[in-house]
Protein chains: 2
Amino acid sequence: MRPLRPRGGAADAASTRRALLEAGTAVFAERGFKGATAELIARRAGVNKAMINYHFRTKKGLYQAILTETLAALFTRLRAVRVDGRPAPEQLREFIAAFGDRAREHPAFPSMILREVLSGGEHLDRAIFGRMSAVFGLVRDIVAQGTREGSFRKVDPLLTHLSIVGALLFFFGSEPFRARVLAEVPIAKRAPRAESFVAHMQEAVTRGLAPDAPARRKR
Amino acid sequence: MRPLRPRGGAADAASTRRALLEAGTAVFAERGFKGATAELIARRAGVNKAMINYHFRTKKGLYQAILTETLAALFTRLRAVRVDGRPAPEQLREFIAAFGDRAREHPAFPSMILREVLSGGEHLDRAIFGRMSAVFGLVRDIVAQGTREGSFRKVDPLLTHLSIVGALLFFFGSEPFRARVLAEVPIAKRAPRAESFVAHMQEAVTRGLAPDAPARRKR
DNA sequence: GTCTATAGGCTGATAGAC
DNA sequence: GTCTATCAGCCTATAGAC
């Protein structure tokens, strides 16, 4: 709610751009593309409304710039889990943890991606599409490695990817909703923490993919 | 795209109402609350735009009526999995299957719920909140029963609920997006079918929750 | 680069005839 | 109950001063 770039920050073009990217991420995540007005984004960024059009041509231009940047950062972070050739279950645990890390650093990204997916990819260009399939490629490769190693049973990599990423996006995207529900209907003692969910997913997923024969080390 | 209520249907008040509820579900799911214009909904329903205000007072009134009806139907269907006291893993499999059934009968509901959750529950009243926590209550009870029976390890019921429902909502809500991605970037041979995903989730979840000691019957 | 003022388009809701 | 016509509000984008 409070504007970014208080009196401390240098008011040059680069910082205006950055303030708009950050404010845009938050407002698009909360309200969707249509619901996020230029006025709202500009106010939160602490810059003039017309700066959106100057720096990004249109509101959609700002939106796409944010999505491109967000997905690039996500993919870079996720790709790192494959670099050293550890066992597949460890890599999958790392994948889940890395996803959680990105979501904590950038709380608005799951909501933005989820909204975009729900719209059928209304605002996506080919480059963004490519980044998204690249994320699937990581999971597919980890699953294939695990099957080869005997640490995973034979599962469909796409279904596996959709269930993991779907659960993660939902958890992090629904945080504001859960906060509100818990305030009105005390369903649990306190709001679940992100690390708890990451740990839960790591356990549930690696156990869920483990082969029938108990041919894997415990602990 | 094609309007509901072709020349065959009786044009009385009840059928106008129903046509608006159905058309509204589809349009709200595709475009969100803001993106769904009264004009668009009315055209798809094959009725006059002003009928939205006559029958539901406002666009928001129509939206809430749809959500209330949708969630009531979902809860009724899901609650049935608890009636006879079968083992918890079977009940959880049934829960997942029932969720999939509802999504196939009503393809727009996961998208609508997901969008509403992402907005933090912008348009929800207390009754709808109650229905949502009731769904969690089902999962919580199944998990508690499974832990008691020894068929599940000790897991957090809320985290379990969020991961299951999140994955299901995402899968069914992202169907149009996946269709588009598969058309542009051939990631898999063909689009995954709903039944395959349901089966995948049933296996992954029950295996993921199984206790460490192999003290349960196989097959 | 940034700001003010405004044009131009779209949308939800209603008044009033039938 | 349904339809046509219309109005008032809001929102994106731009022109033009600085």
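In what follows, every heavy atom counts, from backbone to side chain, and hydrogens, waters and symmetry copies are set aside. Numbered from 1 within each chain, the chains take letters A, B, ... in sequence-line order. Predicted model only: the values in this text are computed from it and were never measured.
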Nearest-angstrom distance from the residue atom CZ of A:Arg17 to C1' of C:dT2: 16 Å
Distance, nearest 0.5 Å, that separates CZ of B:Phe56 from CZ of B:Arg17: 4.0 Å
Point-to-point distance, once rounded to the nearest 0.5 Å, from CD of A:Glu122 to CZ of B:Arg31: 7.0 Å
Within 45° cone of B:Phe136 ring axis and under 6.0 Å: B:Arg140 NZ or CZ: yes
Length of the CZ-P vector between B:Arg57 and D:dG1, whole Å: 19 Å
Between C1' of D:dA17 and CG of A:Asn48, the distance in whole Å: 13 Å
Cation-pi geometry met for A:Lys60 and A:Phe33 (6.0 Å, 45°): no
A:Arg86, CZ atom: more than 12 neighbouring heavy atoms under 6.0 Å: yes
For atom CD1 of B:Ile52 and atom P of D:dT2, their distance in whole Å: 13 Å
Rounded distance (nearest 0.5 Å) linking atom CG of B:Leu67 with atom OG1 of B:Thr70: 6.0 Å
Minimum-distance nucleotide (side-chain atoms of B:Tyr54 versus D:dA13, D:dG1, D:dT4): D:dG1
side-chain N/O A:Thr16 vs C:dT2 OP1/OP2, d < 4.0 Å: yes
Distance test, side-chain N/O of B:Asn53 to OP1/OP2 of C:dA13, below 4.0 Å: yes
Atom-to-atom span, CZ of B:Phe56 to P of C:dA13 - whole angstrom: 13 Å
Among C:dT2, C:dC3, D:dC3, the one nearest B:Ala50 by side-chain distance: D:dC3
Closest nucleotide among D:dT4, C:dA13, D:dA13 to the A:Thr58 side chain: D:dA13
Atom-to-atom span, NZ of A:Lys60 to P of D:dA13 - whole angstrom: 11 Å
Integer-rounded Å distance: D:dA13 P and A:Leu20 CG: 13 Å
Output one line per pair: protein atom, nucleotide atom from nucleotides 6-11 of chain C, and distance, for all N/O pairs under 3.5 Å.
none

Ionic contact status for A:Glu94 with A:Arg82, cut-off 4.0 Å: no
Distance in angstrom units between A:Arg43 CZ and D:dT12 C1', rounded: 16 Å
